[in-house]
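Take a look at the structure set out below.
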Amino acid sequence: MALPRNAGTVAVLGTAQTLAWASTYYLPAMLAAPMARELGVGTPTVFAAFSVALGVSALVGPWAGRAIDRHGGRPVLMGTSLLFALGLAALGTSQGVWSLFAAWALIGLAMGSGLYEAAFSALVRLYGHGSRSAITGITLIAGFASTVGWPLSSLLEAQVGWRGACFAWAGLHLVLGLPLNAALPRLAALAPPDPAHPAHGLDADREPPPAVRPRLTAALLAFVFAATWFISTAMAAHLPSLLQASGASLAVAVGVGALIGPAQVAGRLLEFSFLRHVHPLLSARLAAVGHPAGVAALLIAGPVAAPLFAVLHGAGNGILTIAKGTLPLVLFGPQGYGQRQGWLMLPARLAQAMAPFLFGLALVQWGSGALWLSAGLGVSALLALMALPRVRTGEGKQPPT
């Protein structure tokens, strides 16, 4: 498995992304309960504020992407390091419901301009069509964000309280995240395109691949991203309860849930080593089978198939995270990638914000039958991927990076 030529950029951006995800997306799981106790609100109120952050991030995404298209990822991501620090510091000083929601809204601004979509856009702005391996690389590194974030948040909360934990994460964005993002290549410092590797660098005159019926293609992609992010977020929020409703014990449900993370990393390793030699649309279609196939096994065989369900869901979800970055690139090209990515992911961010609540209602109403909802969405996403056209021969090939 060869490292990409831009391995230094991948390592820097992947580490910064690990910090960004660990200190925001994975923060409420450890700190929501102590926050709620001290602020005198219910734990669902804290998660509602987090949902507001996800909604804000969806709205800011297209504008952040446009800024990256114009100025590159370095200045935008440096700015979001400051926003992350400011938002987390505000969260640490919140005294009630209004300040809690305001702090999470500020964090949402940073999330919309500083998580995966912004990182993917930064890579495409730097490396154009040759970004596939780099996108995979940063998701491999940042795939350990929960592994880092949950224990560290828990440790900090035990030692210095939840406010101290927020301040510590804010400080890490200043002393670690900001220098890492500042170390990204400047656009003006990029070497001229190498004729032997024409995908290196963004050719400003290159037309994007001629997508067939581009509006329909964009609509299908947006639906795929929304459906798969709904599934991913619903499983992250409710998997233990879902498995218990399927007949598994609490211990089994927790143990099976622990398989999701390693399965996601395994899926990304598969993409990095083998699937990168095939068209991204094919790897996305294969990955989309994962969740519905796992649901079928669980519904047919019961709790004994729970580990298989976790592995299939996790591996598929890991590859689909990469597809969110690579499919818009190969179907539309690098020109205007950031802004387009922001609009394509807007429905996905909104679906992500609603998923815990809506799937929770389905779980209360139908028990394990809620799996039919997630499986149906998964099949719908697969059908939408099947309806997407491949770019013409040669346009989707990825040169080595």
Side-chain angles (χ1 to χ4, degrees), residues 11-39 41 43 45-57 60 64 76-96 99-119 138-139 141-184 233 236-237 261 352-353:
V12 165
L13 192 51
T15 304
Q17 283 294 295
T18 302
L19 172 60
W21 283 92
S23 61
T24 58
Y25 188 81
Y26 294 109
L27 194 71
M30 295 294 105
L31 300 188
M35 279 184 195
R37 283 196 300 269
E38 183 172 335
L39 295 176
V41 300
T43 301
T45 301
V46 178
F47 280 101
F50 177 59
S51 293
V52 167
L54 294 175
V56 170
S57 73
V60 79
V76 174
L77 291 172
M78 289 176 64
T80 59
S81 291
L82 299 176
L83 270 179
F84 277 128
L86 183 60
L88 286 162
L91 185 61
T93 59
S94 59
Q95 299 297 323
S99 55
L100 173 71
F101 274 77
W104 273 111
L106 186 57
I107 293 172
L109 287 175
M111 292 171 73
S113 56
L115 294 183
Y116 273 154
E117 290 74 46
I138 66 166
T139 63
I141 298 171
F144 293 97
S146 61
T147 305
V148 173
W150 284 339
L152 185 53
S153 290
S154 181
L155 176 64
L156 287 169
E157 194 276 327
Q159 296 296 320
V160 295
W162 70 268
R163 296 184 187 275
C166 291
F167 294 141
W169 282 119
L172 282 173
H173 278 284
L174 295 177
V175 303
L176 180 60
L178 181 59
L180 284 171
N181 286 322
L184 292 173
T233 307
Q352 183 185 44

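For the numbers below, each heavy atom of this structure counts, side chains included, while hydrogens, waters and symmetry mates do not.
Put simply, the side chain of Cys166 reaches to within 4.5 Å of the side chain of Leu31, judged on heavy atoms. Residues Phe84 and Met111 meet the side-chain proximity criterion, which asks for heavy atoms closer than 4.5 Å. In this structure, Phe167 and Thr93 have side chains that are in contact, with non-hydrogen atoms separated by less than 4.5 Å. Side-chain contact between Tyr26 and Leu152 is absent, with no heavy atoms from C-beta onward closer than 4.5 Å.
A side-chain contact (heavy atoms from CB on, under 4.5 Å) with Ile138 holds for exactly one of Val12, Thr15, Thr18, Leu13; it is Leu13.
Smallest separation of non-hydrogen atoms from Ser94 and Arg163: O-NH1, 2.8 Å. Across every non-hydrogen atom of Ala165 and Leu156, the tightest pair is CB-CB, 3.7 Å. Between Val60 and Gly112, the shortest heavy-atom distance links the atoms CG1-CA, 3.3 Å. Nearest heavy-atom pair, Ala20 versus His173, reported as atom, atom and distance to 0.1 Å: CA-CE1, 3.9 Å. Of all heavy-atom pairs between Gly149 and Ala22, the closest is CA-CB, 3.6 Å. Ser113 and Ala64 get closest at one heavy-atom pair: CB-CB, 3.5 Å.
Defined by atom type and a distance below 3.5 Å, a donor-acceptor pair is present between the side-chain atoms of Ser153 and Trp169.
Note: Phe101 CZ to Ser99 OG = 10.5 Å, rounded to the nearest 0.5 Å. How far CG of Leu88 is from CG of Leu106: 9.0 Å, rounded to the nearest 0.5 Å. Residue Leu172 holds its CG atom at 11.5 Å from OG of Ser81, rounded to the nearest 0.5 Å. From Leu115, atom CG reaches atom CD of Gln17 across 6.0 Å, with rounding to the nearest 0.5 Å. We find the CG-CG distance between Leu82 and Leu77 to be 11.5 Å, quoted to the nearest 0.5 Å. Atom CE of Met35 and atom CG of Leu27 lie 5.0 Å apart (nearest 0.5 Å).
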- Derivation of the side-chain contact (heavy atoms from CB on, under 4.5 Å) call for Leu178 and Met78: CA-CA 6 Å; Leu178 181 59; Met78 289 176 64; 4.0 Å; yes
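Note on ring orientation: taking the six-membered ring where Trp is involved, the planes of Trp104 and Phe50 are perpendicular (angle over 60°, cut-offs 30° and 60°).
Not a single donor-acceptor pair under 3.5 Å links the side chain of Gln95 to the backbone N or O of Leu100.
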